[in-house]
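Just so it is clear: chains get the letters A, B, ... in the order the sequence lines come, proteins before strands, and each one is counted from 1.
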2 protein chains.
Amino acid sequence: MTGPSDPPAVPDLDSGLSREEAIALRESFEDAEQERIRRTVAELLDLLGKAHTMAVLSEFAFAEGPLRFSDLEAELGIAPNTLSTRLRELNEAALLERDAYDEVPPRVEYTPTERAESLFPVFAHLHHWAIEHEL
Amino acid sequence: MTGPSDPPAVPDLDSGLSREEAIALRESFEDAEQERIRRTVAELLDLLGKAHTMAVLSEFAFAEGPLRFSDLEAELGIAPNTLSTRLRELNEAALLERDAYDEVPPRVEYTPTERAESLFPVFAHLHHWAIEHEL
DNA sequence: CCGCATCCTACCGGATACTG
DNA sequence: CAGTATCCGGTAGGATGCGG
């Protein structure tokens with residue numbers, strides 16, 4: 001009773017680009033460009049590797065519109081200082097847009113940028129993986 | 001000179017499952033199963049969120065066969081104790097298989113399992129993202 | 001020799017209290 | 001409500017040692 005039971009027509013877990021295609025694609029670039037790609041991937045993995053960064057982005061990936069600080073705080077159960085740091089990093093990486101409204105009570109909304117949206121299929125894939133596997 | 005120049009025919013960055021499809025798919029399950037999926041995703045994000053886990057998996061995603069401890073240590077420039085911990089976690093999560101050969105010099109090989117391989121398109125997508133964006 | 005385990009240090013993330 | 005200040009515990013990094 002631990003595995004998925006009676007799964008409703010799960011489409012193939014073939015998320016676009018395969019490993020071979022990705023390798024071939026990268027090798028089609030000049031050396032300098034390959035090096036840039038390598039560095040960008042490393043930086044990206046470094047950012048995503050920080051605690052809760054993936055979880056935060058995942059929330060945006062499955063949310064309809066913008067999210068507020070307290071939304072994320074409540075949903076993820078993460079300390080405010082840490083959340084604050086993560087949001088600032090994501091904002092500086094141009095993955096989240098920060099909009100502050102001068103009201104009472106104050107309101108700050110975070111919205112994923114297009115750069116972030118083009119990253120969201122990753123979270124859809126992770127979600128799909130979780131449907132078919134356990135941990 | 002910072003952006004990509006003369007990009008050779010990059011295929012569309014449309015990695016299979018969209019956000020809407022992922023949401024619809026999840027909602028097609030019963031509540032109990034949805035809860036299991038939610039928890040699995042959370043655990044997965046927690047594991048991937050640990051420092052260097054993504055980087056380690058990424059190495060396997062683009063490597064041909066198995067990798068050795070020293071390969072990863074040299075490639076990622078990460079402390080041996082930390083690498084040791086990450087490899088053990090990934091092994092316990094059944095994402096890496098560990099094979100020790102009793103030779104001189106000793107040899108230990110880590111091989112991604114099928115579970116891990118079904119996760120690799122994620123890294124191909126991240127790589128693809130890095131081709132089209134900066135950080 | 002390689003793959004770790006150990007020891008220590010530095011930094012990062014968690015909890016709480018407090019402020020604009 | 002949306003953070004910041006402070007303190008503290010845990011975790012990663014670096015050097016070293018050692019067993020296989």
Side-chain angles (χ1 to χ4, degrees), chain A residues 42-60 63-93 95-113 116 135, chain B residues 42-60 63 65-93 95-113 135:
Chain A
E43 287 175 38
L44 181 60
L45 290 180
D46 200 55
L47 176 61
L48 296 180
K50 294 194 176 185
H52 306 294
T53 305
M54 303 261 295
V56 168
L57 285 176
S58 185
E59 287 298 315
F60 283 101
E64 292 280 326
L67 291 176
R68 303 176 57 169
F69 191 92
S70 47
D71 293 336
L72 295 163
E73 193 178 11
E75 190 66 34
L76 300 172
I78 132 180
N81 47 6
T82 304
L83 178 57
S84 178
T85 304
R86 287 299 98 85
L87 289 174
R88 193 181 321 123
E89 289 164 356
L90 288 171
N91 180 43
E92 286 169 358
L95 289 175
L96 291 183
E97 184 192 337
R98 183 184 188 277
D99 295 304
Y101 300 90
D102 234 348
E103 306 171 353
V104 229
R107 181 167 56 105
V108 179
E109 290 186 346
Y110 293 90
T111 313
T113 63
L135 247 174
Chain B
E43 287 175 37
L44 181 60
L45 291 180
D46 200 55
L47 176 62
L48 296 180
K50 293 196 174 184
H52 307 294
T53 304
M54 301 263 296
V56 169
L57 284 176
S58 183
E59 288 299 316
F60 283 100
L67 291 176
R68 302 177 56 172
F69 191 93
S70 47
D71 292 337
L72 295 162
E73 191 177 13
E75 190 66 36
L76 300 173
I78 128 181
N81 45 10
T82 304
L83 178 56
S84 180
T85 304
R86 288 296 98 84
L87 289 174
R88 193 181 321 123
E89 289 166 356
L90 288 170
N91 180 43
E92 286 168 359
L95 290 175
L96 291 183
E97 185 192 337
R98 182 184 189 277
D99 295 305
Y101 300 89
D102 234 349
E103 305 172 352
V104 228
R107 182 166 56 107
V108 178
E109 290 186 347
Y110 293 90
T111 314
T113 63
L135 245 175

Student: Could you give the angle between the helix axes at the two ends of the helix from C/dC1-D/dG20 to C/dG20-D/dC1, with five pairs per end, rounded to 10 degrees?
Tutor: 40°
Student: Can you tell me the distance, in whole Å, between the CZ atom of A/Arg107 and the P atom of D/dG3?
Tutor: 13 Å
Student: As an exercise, state the distance from OG1 of A/Thr82 to CD of A/Glu73, rounded to the nearest 0.5 Å.
Tutor: 10.5 Å
Student: Which letter, B, S or -, goes with each nucleotide of nucleotides 13-20 of chain D from 5' to 3', with contact meaning a protein heavy atom under 4.0 Å?
Tutor: BB-----B
Student: Which part of the nucleic acid does A/Arg68 contact within heavy-atom distance under 4.0 Å: base, sugar-phosphate only, or nothing?
Tutor: sugar-phosphate
Student: Check whether any side-chain heavy atom of B/Leu45 lies under 4.5 Å from a side-chain heavy atom of A/Ser58, and answer yes or no.
Tutor: yes
Student: Just the endpoints, please: which first and last nucleotides of DNA chain C, 5' to 3', lie under 4.0 Å from a heavy atom of chain A?
Tutor: C/dG13 to C/dG20
Student: Are B/Arg86 and D/dA12 close enough that a side-chain N or O sits under 4.0 Å from OP1 or OP2?
Tutor: yes
Student: Looking at B/Gly49, is its backbone amide N or carbonyl O close enough to the side chain of B/Thr53 to form a donor-acceptor pair, meaning the two atoms are under 3.5 Å apart?
Tutor: no
Student: Assign A/Tyr110 to base, sugar-phosphate, or nothing according to its heavy-atom contacts below 4.0 angstrom with the strands shown.
Tutor: sugar-phosphate
Student: Can you tell me how far CD of B/Glu97 sits from OG1 of B/Thr111, rounded to the nearest 0.5 angstrom?
Tutor: 5.5 Å
Student: Calculate, to the nearest 0.5 Å, the distance between atoms CG and NE2 belonging to B/Leu72 and B/His52 respectively.
Tutor: 12.0 Å
Student: Could you tell me if the side chain of A/Val56 sits less than 4.5 Å from the side chain of A/Leu83, heavy atoms only?
Tutor: yes
Student: Look up atom CG in A/Leu48 and atom CG in B/Leu48, then write down how far apart they are to the nearest 0.5 Å.
Tutor: 9.5 Å
Student: Is there side-chain contact between B/Pro112 and B/Leu95, with heavy atoms separated by less than 4.5 Å?
Tutor: no
Student: Can you tell me if A/Ser84 touches the phosphate of D/dG3, counting only side-chain N or O atoms and a distance under 4.0 Å to OP1 or OP2?
Tutor: no
Student: Can you tell me how far C1' of D/dA12 sits from CD of B/Glu73, to the nearest Å?
Tutor: 14 Å
Student: For the pair A/Arg86 (side chain) and A/Ala51 (backbone), establish whether a donor and an acceptor sit closer than 3.5 Å, ignoring hydrogens and angles.
Tutor: yes
Student: Between D/dG10 atom C1' and B/Asp46 atom CG, what is the distance in whole Å?
Tutor: 14 Å
Student: Side chains of A/Leu47 and A/Glu89: does their closest heavy-atom pair fall under 4.5 Å?
Tutor: yes
Student: In whole Å, I'd like the distance from the CG atom of A/Leu67 to the P atom of D/dC1.
Tutor: 16 Å
Student: Roughly how far, to the nearest 0.5 Å, is CZ of B/Phe69 from CG of B/Leu87?
Tutor: 6.5 Å
